[in-house]
Amino acid sequence: MSVFSHNEFDNHEQIQFCHDETTGLKAIIAIHNTNRGPALGGCRMWHYASDEEALTDVLRLSKGMTYKSALANLDLGGGKSVIIGDPRKHKTEDLLAAMGRFLERTGHQYIAAEDSGTSVPDLKVMGLETGNVAGITERTGIDGLPCNGDPSPATAYGTFIGLKTAVQYQLDRTDLTGLKVAIQGVGNVGYRLAEHLHEAGAELYVTDIHQEQVDKAVRELGATAVTQNEILSLDVDVIAPCALGAVLNDESIPLIKARVIAGASNNQLAAQRHDLMLRERGILYAPDYVLNAGGIIDIFYERIGHEHNKVRAHIETIADTLIEIFQRADQQDRPTGEIADELAEERFMK
Ligand code: NAD
């Protein structure tokens, strides 16, 4: 298995392969860049088909965190960790504690948060062995309500701010009354985004593989239910992908009628070139990792003293970053995703 010559290596500072014989723990901690501060990113537990697959995933995700935190103006670097194993079968308290001990050995260079396959209680077990965990403190959420550490409300709020900014820029409207928005996936983030939009007067179209989520949006928010196949090609103003990655691709882009794409899901572009394809079709793409940074902003404040009004104000700066990206993209006639990457690099490279 190649590491330094791996396609996704991309100047990682440190990669730690962790093995604990007693508990069977096998994990990888990847630290991409710490120029702005310690690396913060989720600890994922997944039943990877091979060690190579786990390495590729952790390297890709870790780099993504460097870009996200830099664009969110946080004093954080980028890192991620993966535990190799099926969370439903292999997760034990002893294994999580062993992971906590490995986190401690990074010497505060990497801080782990919850991710797919790990939960707040899991991170609390790791936290018995190390201070290098985040997103576990009960606090007042950005909506002023008690929060157990789940960053989704903050992510949804940031996505809403980003969506409004993109609509103002592209469609020249500040009033969202009657704005037609199609939301793909009404889970933790998508449903809360739908609530913000409903409150602002938008007309919602929703789909999800879980029918009860769709029914709730129809019942509580007056949304119109549509099929998974038609969501991206609806005659609406905005599409908000909040479920899966790679939904903007060769098949879907030619069918899109909306003029704005603004959603929370990670890695929406199937390939980098789809960024240009959207621009050529006159569709404004609000880069996903700029919009969905609310969660990492929320977790960052947990470490420096959480005050929900400050978190909210910081999340609202997503609007300024987006405007800078949109304006640069227009001045240079280049796609927004490419500009976002460039701006992030300006902020984290020395
Ligand atoms: P979630 O699992 O709670 O919600 C996703 C929803 O999408 C689920 O209801 C699921 O049933 C639905 N879905 C799955 N496949 C679908 C399909 N083919 N068509 C329609 N719906 C489908 O996840 P979430 O926490 O709401 O996160 C949504 C996206 O945002 C993910 O890509 C995630 O990586 C990203 N994100 C989330 C956060 C956060 O704070 N939760 C932060 C950053 C990024």
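Start at 1 and go down the list; that is how both ligands and their atoms are numbered. The analysis underlying the following values was restricted to heavy atoms, covering all of them including side chains, and did not include hydrogens, waters or symmetry mates. Quick caveat: nothing in here was measured; it's all calculated off a predicted structure.
Close contacts between ligand 1 and Q228 involve ligand atoms 17 (C), 18 (N), 19 (N) [criterion: under 4.0 Å to a heavy atom]. Annotation for ligand 1: atoms under 4.0 Å from non-hydrogen atoms of P151 are 40 (O). Each of the atoms 7 (O), 21 (N) of ligand 1 lies under 4.0 Å from some heavy atom of G185.
When hydrogens are left out, the protein atom nearest atom 33 (C) of ligand 1 is N266 ND2, 4.0 Å; that is the closest non-hydrogen contact. The nearest protein atom to atom 5 (C) of ligand 1, hydrogens excluded, is given as C242 O, 3.7 Å; this is a heavy-atom distance. Nearest non-hydrogen protein atom to atom 15 (N) of ligand 1 is L244 CD2, 3.4 Å. Looking only at heavy atoms of the protein, atom 36 (N) of ligand 1 is closest to A264 O, 3.9 Å. For atom 4 (O) of ligand 1, the closest non-hydrogen atom on the protein side is G187 CA, 3.3 Å. If you check which protein heavy atom lies closest to atom 29 (C) of ligand 1, you get S265 CA, 3.6 Å.
With I209, T159, D288, D298 as candidates, the residue nearest to atom 17 (C) of ligand 1 on a non-hydrogen basis is I209. Between the choices N188, V189, L291, N267, the shortest heavy-atom distance to atom 37 (C) of ligand 1 belongs to V189. Of the listed options V186, I299, D208, D208 places a heavy atom closest to atom 8 (C) of ligand 1. Proximity annotation for atom 7 (O) of ligand 1: of G158, A156, A243, A243 comes nearest, heavy atoms only.
When only interatomic distances are considered, the shortest N/O to N/O separation between N292 and ligand 1 does not fall below 3.5 Å. When only interatomic distances are considered, the shortest N/O to N/O separation between T155 and ligand 1 falls below 3.5 Å. Considering backbone and side-chain N/O atoms, H210 comes within less than 3.5 Å of an N/O atom of ligand 1.
Under a 4.0 Å N-O distance rule, the pair E129/R101 qualifies as a salt bridge. Residues D57 and K80 are not paired through a salt bridge, judged by the lack of any N-O separation under 4.0 Å between the basic side chain and the carboxylate. Electrostatic pairing of R173 and D175 does not count as a salt bridge here, judged by no charged N lying under 4.0 Å from a carboxylate O.
Between the side chains of Y157 and H196, no donor-acceptor pair of N or O atoms lies under 3.5 Å. A side-chain donor-acceptor contact under 3.5 Å links D150 and S152. Side-chain atoms of D250 and H274 include a donor-acceptor pair closer than 3.5 Å.
By the definition of a contact as any protein heavy atom under 4.0 Å away, atom 41 (N) of ligand 1 is in contact. Within the 4.0 angstrom cut-off, atom 2 (O) of ligand 1 has no protein heavy-atom neighbours.
A donor-acceptor pair under 3.5 Å is absent between the side-chain atoms of D298 and the main chain of G295, judged by distance alone. Not a single donor-acceptor pair under 3.5 Å links the side chain of T23 to the backbone N or O of D94.
Taking the ring pair (Phe, Tyr, Trp, His ring centres under 6.0 Å) definition, one finds that Y285 meets it with nothing, sequence neighbours left out. In this structure D208 satisfies the salt bridge (charged side-chain N to carboxylate O under 4.0 Å, His left out) test with no other residue, sequence neighbours excluded.
Taking the six-membered ring where the residue is Trp, Y289 and Y67 present perpendicular rings, their angle passing 60° and hence far from 30°.
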